[in-house]
Amino acid sequence: MNKKSVDPNQDAGVTRRKFLGATLVTSAALLARGSDAIFGAESSASPNIATNPTWKLGGDLTVNRLGFGAMRITGEGIWGWPPDRGNALKVLKRAVALGVNLIDTADAYGPETSELLIAEALYPYPKGLVIATKGGLTRPGPGDWVPNGRPEHLKQAVDGSLKRLRLEQIDMYQLHRIDPKVPLEESLGAIKEMKDAGKIRHVGLSNVEPEEIERAQKIVPIVSVQNRYNIEDRKSENALAYCEKNGLGFLPWFPIGGTRGLKPENALNTAAKAHGVSVFQVALAWLLERSSVMLPIPGTSSLAHLEENVAAAKLKLTPEEWKAIDALAS
């Protein structure tokens with residue numbers, strides 16, 4: 001058994017501090033510019049801008065396109081309880097207060113800790129809040145991420161998530177990763193059974209290729225795909241194109257990427273300085289403008305970073321800025 005599988009939804013150890021280190025824009029500069037700078041009030045739209053601020057998951061769950069990823073509210077290494085539990089609860093409550101109504105989590109985060117914190121902070125859930133969780137990766141120990149797509153495990157995982165989240169039905173349940181030892185038809189067949197039983201509303205996939213999405217669609221309707229995607233890493237371009245063509249939501253994990261491979265002065269930093277915001281916000285704005293099906297779910301354990309993330313939804317890049325940033329991957 002591969003006992004050191006890397007979680008496909010981890011950021012390979014690149015911290016926000018490291019990512020922001022390349023930019024000359026500081027928090028002080030951001031605050032000094034005020035709300036106009038934060039929201040990019042004077043900017044014009046890019047030619048590729050996705051003007052819709054919301055998306056309908058499965059055609060019936062309306063969510064604001066910038067959501068929240070609840071992986072980093074757990075302990076170090078995505079293991080155990082956070083060092084400041086009260087702060088984690090405040091972050092979750094503040095996210096909802098700021099208008100976030102799509103929260104993405106997984107039973108592997110903690111494990112179980114993220115789901116428990118979400119329920120502790122937000123139950124009874126406000127109307128319209130969509131909680132998406134995942135199953136199919138297990139955590140034998142810190143640093144260990146082992147796929148388990150056996151039908152019996154997935155059925156138990158669904159019931160476990162329902163109990164921890166205090167739900168009668170999970171809005172969107174995603175197969176965290178296809179288990180190479182278990183046929184996809186068997187794994188998704190179990191999830192379909194749980195959907196047919198009313199325990200799951202919609203089904204999503206994570207870390208998949210277009211041909212795997214096609215196979216999955218023949219078993220159970222798929223409404224979303226969650227793959228790694230950012231300015232520098234666009235290996236999932238074909239999966240994104242499939243989602244656009246077929247009306248599926250695309251949730252990019254590790255949405256900001258990293259500064260590795262980028263020169264100190266690049267289009268991302270240039271745009272950040274021009275708008276008086278962080279490169280993190282510019283990266284999120286670029287994603288939102290990249291495609292109308294894009295649903296970024298940046299995660300953080302910091303209230304300040306959360307506020308910054310949400311502000312990115314209002315940032316508008318100029319056509320020249322968008323094209324220059326887009327070219328960074330070429």
Side-chain angles (χ1 to χ4, degrees), residues 11 14 16 19-20 22-27 29-31 33-55 63-69 95 98-102 104 227-234 236-237 240 243-244 249-259 262 265-300 302 304-330:
D11 64 3
V14 177
R16 188 184 188 105
F19 182 81
L20 296 179
T23 182
L24 298 177
V25 181
T26 64
S27 298
L30 174 61
L31 293 173
R33 292 284 298 276
S35 60
D36 283 348
I38 293 176
F39 295 113
E42 70 278 4
S43 300
S44 59
S46 88
N48 296 344
I49 187 169
T51 55
N52 58 314
T54 62
W55 176 260
V63 296
N64 295 323
R65 288 180 53 221
L66 189 65
F68 178 78
L98 288 170
V100 170
N101 64 350
L102 171 61
D104 178 81
N227 279 10
R228 176 172 171 140
Y229 188 92
N230 54 59
I231 290 170
E232 291 182 273
D233 184 352
R234 303 186 210 173
S236 288
E237 201 71 60
L240 173 58
C243 290
E244 291 174 328
F250 186 89
L251 287 68
W253 61 264
F254 195 24
I256 64 166
T259 56
L262 293 184
E265 285 302 319
N266 60 72
L268 199 62
N269 283 328
T270 300
K273 286 186 285 188
H275 292 274
V277 298
S278 73
V279 290
F280 190 86
Q281 288 173 292
V282 175
L284 289 173
W286 179 87
L287 281 172
L288 288 168
E289 295 185 22
R290 168 63 184 83
S291 172
S292 62
V293 308
M294 194 79 74
L295 307 173
I297 44 170
T300 181
S302 162
H305 292 162
L306 172 67
E307 300 268 355
E308 183 180 286
N309 293 347
V310 175
K314 298 292 180 67
L315 175 62
K316 298 295 184 292
L317 303 173
T318 67
E320 294 75 21
E321 288 169 341
W322 197 94
K323 290 177 181 177
I325 294 169
D326 187 60
L328 287 175
S330 59

What's the shortest heavy-atom distance between [X] and [Y], and which atoms?
X      : Y      : result
Ala312 : Ala285 : O-CB, 4.0 Å
Leu284 : Pro296 : CD2-CB, 4.2 Å
Ala267 : Leu328 : N-CD2, 4.3 Å
Gly249 : Leu295 : CA-CD1, 4.1 Å
Pro252 : Ile297 : O-CG1, 4.0 Å
Thr300 : Leu306 : CG2-N, 3.8 Å

Checking [X] side chain against [Y] main chain: does a donor-acceptor pair fall under 3.5 Å?
X      : Y      : result
Arg65  : Leu288 : yes
Asn52  : Thr54  : yes
Asn64  : Asn101 : no
Glu289 : Trp322 : no

Next on the checklist: A side-chain contact here means heavy atoms from C-beta on lying under 4.5 Å apart; do Ile231 and Arg234 qualify?
Outcome noted: yes

Checklist entry - Is there a side-chain contact between Trp286 and Leu268 (heavy atoms, below 4.5 Å)? => result no

Approximate separation, where rounding is to 0.5 Å, of [X] [atom1] and [Y] [atom2]:
X      : Y      : atom1 : atom2 : answer
Glu237 : Arg290 : CD    : CZ    : 4.5 Å
Lys323 : Thr318 : NZ    : OG1   : 9.5 Å
His305 : Phe280 : NE2   : CZ    : 8.5 Å
Cys243 : Leu251 : SG    : CG    : 9.0 Å

Checklist entry - Is there a side chain to side chain contact (heavy atoms under 4.5 Å, CB included) between Met294 and Leu240 once you walk through the steps? => result CA-CA 8 Å; Met294 194 79 74; Leu240 173 58; 3.9 Å; yes

Checklist entry - Can you name the ring pair (Phe, Tyr, Trp, His ring centres under 6.0 Å) partners of Phe68, sequence neighbours left out? => result none

Checklist entry - Using a distance-only test with no angle check, is there a side-chain donor-acceptor pair under 3.5 angstrom linking His275 and Gln281? => result no

